[in-house]
Amino acid sequence: MTLLCASGLNVSLGAKPVLRGLDLSVAAGEFVGLIGPNGAGKSTLLRAVLGLLPFTGSILLDGDDTAAMKARRRALKVAYLAQEREIAWAVPVETVVALGRAPHRPGFAAPTEADRAIVDEAMRRMDVTSFRHRIATELSGGEKARVLAARALAQDTPLLLADEPTAGLDPSHQIALMRLFGELAASGRGVVASLHDLGLAARWCSRLVLLDNGRIVADGRPGEVLTPQTLRAVYGVEAFFGEAGGAPVVHPLDLSGPAGG
Amino acid sequence: MSGDARYALLITLLCAATLTLFSLSLTVGPAGIAFADSIMALFSDKADGVALTMQEIRLPRALLGLMIGATLGLSGAVLQGYLRNPLAEPGLLGISATASLGAVLSIYTGLAAAFALALPLAALAGAVVAVVVVQAMAGARGNSLLIILAGIAVSSFAGAMTSLALNLSPNPFAALEIMFWMLGSLTDRSMTHVWLAAPFMLAGWAMLGALGRPLDALTLGSETAASMGVDLKRVQFLAVFGTAASVGAATAVAGAIGFVGLVVPHILRPLVGAKPSRLLLASALGGACVVLAADVAVRLIAPGRDLKLGVLTAIVGAPFFLWLVFRARRRLT
């Protein structure tokens, strides 16, 4: 089942074209890592899918065209974990996570038992239950990131988009988050996460999409996308390639020399 | 105590306080009518002095205090939540300033003297101008920074035009009348003022009151809120037009009353667990309490001097705000 299908997608920010005729489709069960250098268009792609930017071309969510889709209906199909970890007011952690249930409740309806169970489950999965009563604005950056991730999980959508979700997390929570996204995909959802950490991307994603200059330059299994040639051409770096426990290991080592390649 | 129980208790206490202050506002005044007599006179159909005082002077004054206070508290809470800025207040959109300018122009041109409702109607027209300009400058999907900047520009221009009217005022009496009007007061208002303001305020409250859930979502920033199904265009429309209708009407009948919309949401925010949707009702009641209390206070402090309500709220509000800042500093360092 195709959860996301973008075709001929063009987005400009001001006069500058950021995405040029991009085609991407994501099926249920896939954990897609969106990689590429700064300015490649990763965040722009995610924001266009969410309807936050004007675009030309078409974007289908779950088979429905997003052009005429109401915000509320879109919110039942796709959740978003933003790069900015903004929490404006000093509300408790569980209040933040419970916000994820808002699109599921009409008008002023109170949360149901099922809503509470989903919120509890999201907090458990992101390991934030122990500080559910603390004030969210007083948490450390990494704790805040996990609370906001739990919020997105609580939205309980078929597709989850995450913009640099692992930035600022310690290694154990980075791995836990990547594992969780893998589990979500394995349970029949789709996850698209923009990532800068190629090591995490190589190890945990089921598929990588490499963007450069608004276009997809490679798309496939991590081992196919992350090659010495693509890293040199797109990032300008040399990397160590290995294998451990049946999954690829990629670690950037140094800039490619002027004569490199 | 759980958050829900604490919230219910807070709302109950605020309702009780509002009711108490409303009855105080009805019963305190130079006419010196006994409490029981005055309440009875409210419902009497005799046309004696007591009934007249109660029905024509005290009742509209108390009702306006209630309505204006609720308007300022509610719109302050909405704007702080919408702009995610604890310094936002109803005056920020330029609505109070342009409404004042409308009123000042009606005094300046003599229209206010010729026709009693010219002043509030001109003030409402001023509010409409502000909202149209701010909305046009910020665009249908304007970000909050554009709205703040547009509001500041509109406020400054309206302030300059008000100064010009004072500068060119034909005689000292007109200048004095303008000055006094701008200080903000509920003295000598009639039921006509209540009926004029009520429809605009009710419409404004309905628009602002619908924003609870979207404001909660906006706690996480506008893009995350949009991804949770919040229609940002609709939120902006309701926040701007709701404030214009209610605050425009409040300014039209009472002049500019400062600090209530800024300070009341601040005081109540920690008491409602900082959740924007819960702040709306609490802040409306809190605003009503503050304005009613201040209006009773001006009658008690200086019975013969007609101390202006807006002066008192600023005198009490500004040091209080300073204390809040001081407390925040102690917590931060």
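Heavy atoms only: backbone and side chains are in, while hydrogens, waters and symmetry mates are out. Chain naming here is simple, since letters A, B, ... match the order of the sequence lines and numbering starts at 1 in each.
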Quiz item: So what's closer than 4.5 Å to chain A heavy atoms on B:V230: side chain, backbone, both or neither?
Solution: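 It is the backbone, since no side chain atom gets that close.
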Quiz prompt | Contacting region of B:P86 [heavy-atom separation from chain A under 4.5 Å] | solution = both
Given that the side chain runs from C-beta out, which part of [X] has a heavy atom under 4.5 Å from chain B: side chain, backbone, both or neither?
X: A:A79; result: neither
X: A:L148; result: side chain
X: A:R85; result: neither
X: A:R73; result: neither

Quiz item: With a 4.5 Å limit on heavy-atom distance, are the side chains of B:E223 and A:L52 in contact?
Solution: yes
Exercise. I would like to know whether A:R151 and B:L220 meet side chain to side chain contact (heavy atoms under 4.5 Å, CB included); could you show each step before the answer?
Key: CA-CA 10 Å; A:R151 199 291 305 159; B:L220 304 182; 3.8 Å; yes
Nearest heavy-atom pair of [X] and [Y]: which atoms, and what distance?
X: B:A226; Y: A:A71; value: O-CB, 4.4 Å
X: A:P92; Y: B:G273; value: CD-O, 3.9 Å
X: B:M228; Y: A:L99; value: SD-O, 3.5 Å
X: B:A274; Y: A:W89; value: O-CB, 3.6 Å
X: B:S227; Y: A:L50; value: CB-CD2, 3.9 Å

Self-check item: Residue, of B:D216, B:D231, B:V272, B:L218, that accumulates the most heavy atom pairs under 4.5 Å with chain A
Solution: B:D216
Quiz prompt | When A:Q155, A:E84, A:R74, A:K70 are compared by non-hydrogen pairs under 4.5 Å with chain B, the top option | solution = A:Q155
Self-check item: The single option from A:T95, A:I87, A:V96 passing side-chain contact (heavy atoms from CB on, under 4.5 Å) against B:T219
Solution: A:I87
Quiz item: Quick one: does B:R213's side chain have a donor or acceptor within less than 3.5 Å of a partner on A:R105's backbone?
Solution: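 Indeed, once roles are kept as given, a pair shorter than 3.5 Å links the two residues.
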Quiz item: Got more than 12 heavy atoms from elsewhere within 6.0 Å of CZ, A:R20?
Solution: yes
